[in-house]
Amino acid sequence: MVNLDDLYREILLDHYRRPRNRGPLETANASAEGSNPLCGDEITLELQLDDDGRIADVAFTGDGCSISQASSSLMTEYVRGRKSDEATSAIDAFQAMMIEGEEAPEELGDIGALAGVRKFPMRVKCASLAWKTLELALAQHDRHDDATRATVTTDERSTSNG
Ligand code: ZN
């Protein structure tokens, strides 16, 4: 784990060691796969969306560094039981926090711990992977595109890594 403030570190380590919503989801009706080749992080995200657009259940599998795994756990814990448009708002708030450096929004709760990763530009991709994959899974469901799996990559070599 990178050198984070103690509070951030505690939260992320807890989610890394005891990931929430980890495993396959038999009832899934949307899914996406994401990878961050720069670090070797991989995630498969599965969602069960009900007819009202609520994320009734969510689970992830995959391997990667502690930050990517902790972020996946935090993200699934947050969106489980929420409407997909709330999840989309959370994705936007997360991106604003990580990419644009905005203050961690209070409603994101422990997810704000990931703001500590901003000091390490390479690791921002690790933290963002779960959220980009969520965005893709929701888009896939909106298209009623049940048969295919989408792949997102956070490998953006052209961007500055400080
Ligand atoms: Zn990583």
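Just so it is clear, the structure is predicted and the values come from calculations on it, not from any experiment. Basis for what follows: all heavy atoms, side chains included, without hydrogens, waters or symmetry-related copies. Atoms within each ligand, like the ligands themselves, are counted from 1 in listed order. Residue numbers run from 1 in the order of the sequence given.
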Shortest non-hydrogen contact between Met98 and Val117, atoms and distance: CE-CB, 4.1 Å

The Zn ion (ligand 1): which protein N, O or S atoms are under 2.8 Å away? Cys39 SG, Asp41 OD1, Asp41 OD2, Cys65 SG, Cys126 SG

For Arg17, I'd like to know if atom CZ has over 12 heavy atoms of other residues, nucleotides or ligands within 6.0 Å. no

Do you see a donor-acceptor pair shorter than 3.5 Å between the side chains of Ser35 and Glu42? no

Residues Arg20 and Asp14 bridged, charged N to O under 4.0 Å: yes

Would you call Asp57 and Arg80 a salt bridge, taking side-chain N to carboxylate O under 4.0 Å as the test? yes

Sub-3.5 Å donor-acceptor pair from the side chain of Asp5 to the main-chain atoms of Leu7, do we have one? no

